[in-house]
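Below is one structure, written out as structure tokens; comments come after it.
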Number of protein chains: 2
Amino acid sequence: MRRMTARPANAHQARLLQLLRDGGPNSRAQLGDQVDLSRSKLAVEVDRLLETGLVVADGLAASRGGRRSHNVRLNPELRFVGVDIGATSVDVAVTNAELEILGHINQPMDVREGPVAVFEQVLSMTAKLRASGLAEGFDGAGIGVPGPVRFPEGVPVAPPIMPGWDGFPVREALSQELGCPVMVDNDVNLMALGEQHAGVARTVHDFLVVKIGTGIGCGIVVGGDVYRGTTGSAGDIGHIQAVPDGRQCACGNRGCLEAHFSGAALARDAAEAAEQGRSAELANRLEANGGLSAADVAAAAAAGDATALDLIREGGRSTGQVIAGLVSFFNPGLVVIGGGVTGLGHNLLAAIRTQVYRQSLPLATGNLPIVLGELGPTAGVIGAARLISDHLFSPA
Amino acid sequence: MRRMTARPANAHQARLLQLLRDGGPNSRAQLGDQVDLSRSKLAVEVDRLLETGLVVADGLAASRGGRRSHNVRLNPELRFVGVDIGATSVDVAVTNAELEILGHINQPMDVREGPVAVFEQVLSMTAKLRASGLAEGFDGAGIGVPGPVRFPEGVPVAPPIMPGWDGFPVREALSQELGCPVMVDNDVNLMALGEQHAGVARTVHDFLVVKIGTGIGCGIVVGGDVYRGTTGSAGDIGHIQAVPDGRQCACGNRGCLEAHFSGAALARDAAEAAEQGRSAELANRLEANGGLSAADVAAAAAAGDATALDLIREGGRSTGQVIAGLVSFFNPGLVVIGGGVTGLGHNLLAAIRTQVYRQSLPLATGNLPIVLGELGPTAGVIGAARLISDHLFSPA
DNA sequence: CTTCTTTGTCCTGTGAGTGGAGAAAGTTGG
DNA sequence: CCAACTTTCTCCACTCACAGGACAAAGAAG
């Protein structure tokens, strides 16, 4: 099948495409209710979109008390790819133009193997999804990497946990291989986009997404748009000091949040507790699996292990401490907690909430929900698809 | 004289007014170079602005190698008022439409006397400026208050240091009295606007302004626009924890930045040091003035007093600690330090810089200037004038 | 079957804006 | 002082986006 290469010719068309993406198939009349254009003008623009092939006719709508309206929808053959490169695994998903996930695979992998190896992995995963009949080709791809990105160029910069990736032309390379436009962003920003598109943040304009995985990062959304900062490192909260004179961190300082609470830190502390005999539960799991992860701590806590619970609470306290500062500063309308460690669930959330509500001023916390992300591991890939879709569905 | 009541009729006119405000008198041809409109269209819009009286002809420009162009400028009779209500004093200034200060008065006053008393004060100050022949009336006014504001309504909300101001209809009341449009904002946001308009932040789009006065606050500018947060309390960093289990703060928590470093905290610590005999210099000043202020500490430090210097350094360290977190999170292109305490000058700045550059990651600090504000006590009133000017010089 | 409502199409009018032709006003070099 | 070149301003014709009305098509309700 021939890939779609058209782009909206003007702001009206872009708006219509976005409405069809976010609202699904829609009648011409209903679109008219949403766009503030005369019927004649609307008809012209819809017809032009039909000509480009981005939009297709889709039968008749139910009557609203008079003549039935013609339905239109985004071309169901359009395919986007969302890639989410984590520190320890890669997610790849294929979506339609409405950003519904048609296929999704996850594979463990260490980013530190470098861009070339990871790239091969990603390409083999996209090939697999394509081979399964979900797509004959791709119209766009979004990709998230676990570190700061020079957004306009689509290139990672100085990523501490990704040696070898600095300056690697991710956008260029992936675009070449997949034969479609590509946008690159930080993984946390994509998670924010995902939760905004299809998750808990659908109605909020200013919010924060704190992702606690192997490391810790924060996505910032201002006025509905992701804020990336001057050099693309906004939201890099893992090295904010959470505990004065606390643990030594890889960055050279002491007491960084990431050194006290993150997937890696939690696994380390749990192993320590097991070895020191402070928790039989954790020791058993250590023996059984040959290592400990955040999931083990979650399971131990669920089984009533006090030490595991303490680890979670203490981590939540540190995290809440930092988030409290961010809430005072940023005054968001919502804080979303996500990432691998959210398996710790309500215990973690409760600890964070307690700390934030206690430390920040009432005006900032009064009406502030602090919730877990709704999309789990799909937030990143949905956000990635949304990123490229926003790009393609904007005036050329 | 009749006051101007016209507003720009469209975005082009608004843009032209802003160019004339920020660039001063300008030839029609030069305007044409900046706006991307055909000469014919430009002429039409300029003529319309002349008709409204917002803009007046201003003779002929120098030749650029051919026929001389006609100059235009904003009506020199337009007058804006900028009001900056601090915790302990009030500033009022009158500007022309180019936001040049024509007259400026400052009077000590305690906000805690409540809105009615302060209002009388402000009105008597505007009356005084008017009587001095600077203005026959006002075309707009901006006013800053030392606490959070519900911006759209122009009403202070739950201001901790301003009892009695909660819900007081500042905008409404001042508009009534002055007979012109009024906009209300937080004093720190106005300081940010001031430094953006005429100070150190003219070329930066994302920056922070930390105002250290009686309290501590932070102005946040994102993409050239002031960010106010969901409930108008963004930038309220005075109660971020700077010292775990530190000093008791009025807010009920411990170790808040404001409890450790601010005009009030510094005066308190200096008096303590003087009484405990730790500094002869400060004790002398205490005796001489019957009290100590930040200025005394600055003078003592300048005179070589080690205790005073320590107080400044320690305060700068706490402040830098908090700013370091904000820098990691927000990744600004510039940090401006301002407010009354900036009299402490380079000692303070050095302490802040040391702490920030040490604690934040290189990517965020690599190219980050941390500087003192350029406008001093006029930043607030210029920002206030800029606020109302932005409002009036936008499409109606 | 009649009447009302909704939807879609066609057509004309309007206002924004462009771009070119000249006229007006200057500069520069002989 | 004059001729040739520049810049600026004004006027006019043309294009284009868009609104809004007239009318036809399609359906609902009584």
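Computed from a predicted structure; not experimentally measured. Chain A is the first sequence line, chain B the second, and so forth, proteins listed ahead of strands; every chain is numbered from 1.
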Shorter than 3.5 Å, N or O on both sides, protein versus nucleotides 18-20 of chain C: list them out with atom names.
| unit_1 | atom_1 | unit_2 | atom_2 | d |
| --- | --- | --- | --- | --- |
| dT18(C) | OP2 | S38(B) | N | 3.1 |
| dT18(C) | OP2 | S38(B) | OG | 2.8 |
| dG19(C) | N7 | S40(B) | OG | 3.4 |
| dG19(C) | O6 | S40(B) | OG | 2.7 |

- Message: Could you tell me how far apart R64(A) (CZ) and dA26(D) (P) are, to the nearest whole angstrom?
- Response: 19 Å
- Task: Find the distance L50(B):CG to dC9(D):C1' and express it as a whole number of Å.
- Result: 14 Å
- What do you reckon, are the aromatic ring centroids of F330(A) and F330(B) less than 6.0 Å apart? no
- Item | side chain to side chain donor-acceptor pair (under 3.5 Å) partners of E45(A), counting only residues at least two apart |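 Here the qualifying residues are N10(A), Q13(A), K41(A).
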- Partners meeting side chain to side chain donor-acceptor pair (under 3.5 Å) with D36(A) (sequence neighbours left out):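 Not a single residue meets the side chain to side chain donor-acceptor pair (under 3.5 Å) criterion with D36(A).
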- Message: Does any part of the side chain of M183(B), heavy atoms only, come nearer than 4.5 Å to the side chain of V170(B), both counted from C-beta?
- Response: no
- Considering residues at least two apart in sequence or located in another chain, which fulfil the ring-ring contact (aromatic ring centres under 6.0 Å, His included) criterion with F151(B)? none
- Between atom CG of L16(B) and atom CG of L42(B), what is the distance when rounded to the nearest 0.5 Å?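 It comes to 6.0 Å.
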- Indicate whether any N or O donor in one side chain lies under 3.5 Å from an N or O acceptor in the other, for N331(B) and T231(A).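 Side chains of N331(B) and T231(A): pair found under 3.5 Å.
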- Message: Within the 3.5 Å criterion, strictly below it, is a donor on S389(B) or R21(B) matched to an acceptor on the partner's side chain?
- Response: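 The answer is yes; a qualifying pair exists.
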- Message: Counting only heavy atoms from other residues, nucleotides and ligands, does the tally under 6.0 Å from CG of D47(B) exceed 12?
- Response: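 Above 12, so yes.
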- Task: Could you please spell out the steps behind the side-chain contact (heavy atoms from CB on, under 4.5 Å) verdict for M191(B) and I382(B)?
- Result: CA-CA 8 Å; M191(B) 183 169 159; I382(B) 292 179; over 6 Å; no
- Could you identify which residues of residues 8-34 of chain A place a heavy atom less than 4.0 Å from some atom of DNA chain C, listed by residue number, or say none?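 Within this stretch, R28(A), A29(A) sit under 4.0 Å of the strand.
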So which protein N/O to nucleotides 26-29 of chain C N/O distances come out below 3.5 Å?
| unit_1 | atom_1 | unit_2 | atom_2 | d |
| --- | --- | --- | --- | --- |
| dG26(C) | O4' | G66(B) | O | 3.2 |

